[in-house]
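Below is one structure, written out as structure tokens, with a few remarks after it.
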Amino acid sequence: MAQKPSIPKGTRDFSPEEVLRRNYIINTLRTNFELFGFQPIETPSFENSSTLMGKYGDEGDRLIFKILNSGDYLNKVDDAVYTAKDSTKLTAEISEKALRYDLTVPFARYVVQHQNEIEFPFKRYQIQPVWRADRPQKGRFREFFQCDADAVGSDSLLQEVAFVQLYDAVFTDLGLKGTTVKMNNRKILSGLAEAIGAADKLIDFTVALDKLDKIGEEGVVKEMLAKGISEEAITRVKPIFNVSGNFAEKLNLLKDLLADSEVGKEGIEELAYINEKIAALGLATVTLDLDVTLARGLNYYTGAIFEVAAPEGVKMGSIGGGGRYDDLTGIFGLKNMSGVGISFGLDRIYLVLEELGLFPEQAIKGTKLLFINFGEAESLYCLKAVKSLREAGITSELYPDAAKMKKQMSHADKRNIQFVVLAGTQEMEEGVYTLKNMKTGDQTRVDLNELIKALA
RNA sequence: GUGGUUGUAGCUCAGUUGGUUAGAGCGCCUGAUUGUGGUUCAGGAGGUCGUCGGUUCGAGACCGAUCUUCCACCCCA
């Protein structure tokens with residue numbers, strides 16, 4: 001079947017069942033975002049290249065989908081650039097638009113562009129697809145949705161507190177028990193690097209540290225050595241490789257390590273503040289934890305760092321993450337605008353809910369009742385009932401053709417429709433409907449009012 | 001971007017060192033059953049073996065390219 005049509009790699013079609021389930025998650029997110037006072041915005045699928053390029057590092061630039069200019073774009077290219085075959089330079093000349101790579105940079109652009117209309121602090125949420133020219137892997141696609149909530153224009157740590165509560169509210173609503181919100185702080189990481197005399201190697205240090213649960217202590221040490229961090233420095237920082245205890249106990253250990261680091265102490269204070277407030281307010285299902293190894297290649301996070309781990313026993317990486325960036329909008333010329341935000345990993349949450357069987361039947365049901373079509377007169381009789389049922393909020397429909405009964409029944413069965421109505425001449429004469437429960441096989445004759453009552 | 005891996009019916013997969021007409025299960029269609037689906041029984045349809053090229057008397061199998069799948073790295077949600 002060579003001629004079979006296909007979709008680009010890393011993209012997906014969603015079946016009706018999948019869309020219903022995704023919508024269930026998205027609706028839960030949207031409800032809670034709004035409950036917490038976040039306002040929805042949307043931005044275009046594509047931006048000017050200049051808005052996106054250079055914001056995600058060299059690696060990021062490579063992964064941005066570029067959109068070819070319209071018209072005879074090659075004809076306008078500088079001859080020297082064309083003959084040189086320098087892809088980077090050529091790209092700039094033949095493409096001036098690119099697909100959205102994440103929601104954060106467009107949001108920063110939005111804030112700067114509309115700064116005079118926005119009332120600060122501004123809290124927005126945004127649920128839209130983004131695109132990356134990455135090589136697909138399990139759970140990694142070239143088109144996927146991001147579900148972000150961010151707050152700009154406030155340095156208050158109460159924002160961080162609210163985000164922990166937001167995670168708690170969402171995962172509680174989804175019935176997902178046992179998730180852990182892991183927190184860290186960029187200032188602690190800076191402090192650690194400083195304390196061991198490797199302040200200049202902060203990024204290498206954190207990237208290596210972040211891999212602890214993946215490659216183990218030995219692997220991390222090896223990578224740090226390879227990056228030029230001294231053995232002595234590594235020995236000093238080793239206690240954090242296997243810290244245990246609760247949030248406060250871990251903080252105490254850090255206090256010793258970071259006693260001489262101003263920035264480190266600041267980070268500890270921030271985390272302690274957040275932990276105290278959360279402890280006083282209480283959480284329903286989420287556990288708040290401190291994870292010093294949390295670093296997630298986040299060059300732009302300056303304060304809090306969040307990551308959400310799925311319940312233990314579920315083989316799944318993080319299902320959410322976020323953090324604070326003090327200079328969110330600086331790249332677009334608006335200084336001193338601090339932002340903090342979190343993201344929910346829709347696809348991964350979907351996989352976790354599916355694995356644990358947590359999608360509620362109710363939220364994903366389609367049509368509840370199908371009327372079997374026996375002919376012209378009977379259809380009209382049925383359609384009158386359909387109208388009343390729909391007014392009563394009951395999803396119902398009439399099979400469009402007077403096809404063989406077997407075909408219609410089988411259709412109801414395959415679509416998982418729980419009830420069918422058989423209404424032929426007999427029922428019409430008596431003004432009743434034969435209602436059949438497809439699960440139990442039970443059949444009863446009811447009038448319209450009873451029919452509505454039976455399905456409500 | 002680097003290294004590997006996968007592709008045979010709608011789906012999941014067999015297919016011997018290269019040898020007639022490529023199979024199974026499930027699904028699909030028809031009938032048993034003209035007012036009863038899901039179960040059962042009988043029958044049937046459906047494949048240029050991802051694509052293009054090469055080796056060979058002969059290729060689903062071997063070689064090359066390309067696309068696709070999945071995995072590791074890089075990076076990331």
Side-chain angles (χ1 to χ4, degrees), chain A residues 1-12 15 56-64 87-88 100-104 127-148 203 206-208 210-211 214-215 219 223 295-301 306-310 316-323 341-352 370-375 378 399 402-428 433-443 445:
Chain A
M1 280 283 189
Q3 254 64 332
K4 228 193 299 184
S6 64
I7 54 177
K9 78 170 147 185
T11 65
R12 298 160 290 169
S15 67
Y56 311 98
D58 290 344
E59 186 72 10
D61 282 358
R62 210 194 72 218
L63 298 178
I64 291 173
S87 298
T88 313
R100 182 169 59 213
Y101 178 85
D102 74 353
L103 300 181
T104 305
I127 301 172
Q128 289 190 279
V130 302
W131 295 269
R132 295 188 187 178
D134 206 354
R135 193 175 287 202
Q137 258 181 61
K138 188 151 199 95
R140 287 175 68 169
F141 305 94
R142 300 211 290 183
E143 178 185 63
F144 61 97
F145 270 74
Q146 285 195 332
C147 313
D148 281 16
I203 297 294
T206 53
V207 166
D210 187 50
K211 293 180 184 168
K214 204 170 177 181
I215 60 178
E223 177 155 340
R296 290 275 98 175
L298 304 165
N299 300 335
Y300 43 90
Y301 286 162
F306 298 101
E307 188 168 302
V308 185
M316 185 63 64
S318 71
I319 54 176
I342 60 172
S343 185
F344 289 82
L346 176 60
D347 292 300
R348 288 182 168 188
I349 292 172
Y350 183 104
L351 291 171
V352 171
L370 180 75
F371 285 78
I372 302 297
N373 188 328
F374 285 101
E378 292 89 339
Y399 194 88
K404 279 184 191 167
M405 183 133 180
K406 183 185 171 83
K407 188 170 175 62
Q408 300 193 44
M409 293 296 283
S410 164
H411 179 73
D413 192 49
K414 279 170 197 157
R415 282 186 53 195
N416 230 334
I417 296 174
Q418 205 189 338
F419 296 96
V420 296
V421 158
L422 304 148
T425 39
Q426 255 187 40
E427 282 87 349
M428 280 173 73
Y433 301 88
T434 296
L435 175 66
K436 171 164 181 157
N437 183 326
M438 293 293 276
K439 272 196 185 133
T440 62
D442 295 343
Q443 273 180 223
R445 301 188 119 203

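Side chains are part of it too, since the values below use all heavy atoms of this structure and drop only hydrogens, waters and symmetry mates. Below, chain A is the first sequence line, B the second, and so on; all start at residue 1.
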Tell me the interatomic distance from A/Ile372, atom CD1, to B/rG38, atom C1', rounded to whole angstroms.
14 Å

Can you find a donor-acceptor pair, distance only, under 3.5 Å between A/Gln408 side chain and B/rU36 base?
no

C1' gap between B/rC63 and B/rG10, integer Å:
32 Å

Using Watson-Crick geometry (N1-N3 plus N6-O4 or O6-N4) or G-U wobble (N1-O2, O6-N3), each under 3.5 Å, B/rC41 is paired with B/rG31

Report which part of the nucleic acid A/Lys439 touches: base, sugar-phosphate, or nothing (heavy-atom distance under 4.0 Å, all strands).
base

Taking atom C1' of B/rA77 as reference, at what distance in whole Å does atom OH of A/Tyr301 sit?
10 Å

How is A/Glu427 classified with respect to the nucleic acid when contacts are heavy atoms under 4.0 Å: base, sugar-phosphate, or nothing?
base

Under 4.0 angstrom, heavy atoms only, what part of the nucleic acid is A/Gly441 near: base, sugar-phosphate, or nothing?
base

Strand partner of B/rA14, provided both Watson-Crick or wobble distances fall under 3.5 Å:
none

Is A/Phe374 stacked on the base of B/rG35 when the test is centres under 5.5 angstrom and planes under 30 degrees?
no

Donor-acceptor check, side chain of A/Arg140 to backbone of A/Arg135, threshold 3.5 angstrom: yes or no?
no

Presence of donor-acceptor pair under 3.5 Å, side chain of A/Arg140 and base of B/rC70:
no

What distance, rounded to whole Å, do you find between the two P atoms, one in B/rU17 and one in B/rC62?
11 Å

Give A/Ser410 one of three labels, base, sugar-phosphate or nothing, depending on what nucleic acid heavy atoms sit under 4.0 Å from its own.
sugar-phosphate

Atom NZ of A/Lys9 and atom P of B/rU66 are separated, to the nearest Å, by 12 Å

To the nearest angstrom, how far is A/Ile64 atom CD1 from B/rA77 atom P?
14 Å

First of A/Gly10 and A/Met405 reached from the 5' end of RNA chain B, by closest nucleotide
A/Met405

Per atom distances to the A/Phe141 side chain, the nearest of B/rG37, B/rG31, B/rA77 is B/rA77

Please give, in whole Å, the distance from B/rG35 P to A/His411 NE2?
20 Å

Check for a donor-acceptor pair, side chain of A/Asn373 on one end and backbone N or O of A/Gly375 on the other, with a separation under 3.5 Å.
yes

Nucleotide B/rC76, atom P - distance to OH of A/Tyr101 in whole Å
7 Å

Residues A/Arg100 and A/Gln146: side-chain donor-acceptor under 3.5 angstrom:
no

Residue A/Lys406, side-chain atoms from C-beta onward, closest of B/rA32, B/rU36, B/rG3:
B/rA32

Within this structure, what is the CE-to-C1' distance between A/Met409 and B/rU33, rounded to whole angstrom?
13 Å

As a test of reading the structure: which of B/rU30, B/rC71, B/rC28 is closest to the side chain of A/Gln137, going by heavy atoms?
B/rC71

Quote, to the nearest angstrom, the P distance that separates B/rU16 from B/rC74.
39 Å

Can you tell me how far apart CZ (A/Arg132) and CD1 (A/Ile64) are? Round to the nearest 0.5 Å.
9.5 Å

Got a donor-acceptor pair under 3.5 Å from the side chain of A/Asp413 to the base of B/rG37?
yes

No-H, no-angle donor-acceptor pair, A/Arg135 side chain to B/rU69 base, under 3.5 Å:
no

Would you mind classifying the nucleic acid contact of A/Lys404 as base, sugar-phosphate or nothing, using non-hydrogen atoms under 4.0 angstrom?
sugar-phosphate

Could you check how far CD of A/Glu59 sits from P of B/rC74, rounded to whole Å?
11 Å

So what's B/rC62 paired with, Watson-Crick or G-U wobble, going by both distances under 3.5 Å?
B/rG54

Select from A/Thr425 and A/Lys214 the residue whose nearest nucleotide in RNA chain B is closer to the 5' end of that strand.
A/Thr425

We want to know whether A/Glu427 and A/Thr434 form a side-chain donor-acceptor pair, criterion being a heavy-atom distance below 3.5 angstrom.
yes

